[in-house]
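This report concerns only the one structure given below.
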Amino acid sequence: MLTDAPPRKTDRTGFLESDRIRTLDLPQDRCLFSIAQSIESAMKCETSGDVRRLCTQFLSAASEFYQVPNCGVRVLAARPLRVRERGTFELFGDYDPETSVIRVWMRTAVRKEVTSFGTFVSTLCHEFCHHLDFQKFRFPNSWHTRGFYERAAALYHHARGTPLKRLFWVPMTGGRWRIDWQRTNRGA
Ligand SMILES: [Zn+2]
């Protein structure tokens, strides 16, 4: 995972704010966890109608908790061949800030392999965090900052019922950062 480069002039304040906010309030109940469990079963049975319905449930429960307007969701069978999300290629989903619609796909474009459940939920949380950036934090844009990835990770681990890992970052050129997975997985 690699962060976006900071914008040159405009929007810099929003970018720095997004980078700074490293945590996300999480619901006290297990609602998102149990919906995610159901998504896993539906994916195993490849019942895409159920996956679609459960994704809608997941996102509206999350929107209610964060007190933001609902976002739409489209669960596609396969990934469109070319998708570009604000300069970065997102492998398994995207979010349109104009329409507040999240798209996620259950299969990869080329080999038509089923996306793993972990990746699928991670994508859903990632795209929902773009929605939160606009609707909750009111950022003028939704950048992939360190804070963004950490907020998305917090939501993802909450949804999966797994412990949150501390993320370790390595500086790259141009003000970008990448995750040091070795240190992150070691936890030190
Ligand atoms: Zn993204």
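Quick caveat, the model's predicted, so the values are computed rather than measured. Both counts, for ligands and for their atoms, begin at 1 and track the order of listing. All heavy atoms count here, side chains included; hydrogens, waters and symmetry mates do not.
Applying the side chain to side chain donor-acceptor pair (under 3.5 Å) test to Trp169 and every residue at least two apart in sequence or in another chain returns Glu150. Scored by the ring-ring contact (aromatic ring centres under 6.0 Å, His included) test, Phe148 finds His126, His130, His144 as partners (sequence neighbours excluded).
Tyr149 has its side chain out of reach of Asp19: every pair of non-hydrogen atoms, C-beta onward, lies at least 4.5 Å apart.
None of the N, O or S atoms belonging to Cys129 lies under 2.8 Å away from the Zn ion (ligand 1).
Geometric assessment of Arg160 against the ring of Phe117 yields a negative cation-pi assignment under the 6.0 Å and 45° thresholds.
Among heteroatoms of the N, O or S kind in His126, NE2 lies nearest the Zn ion (ligand 1).
Angle NE2(His144) to the Zn ion (ligand 1) to NE2(His130): 100° [nearest 10 degrees].
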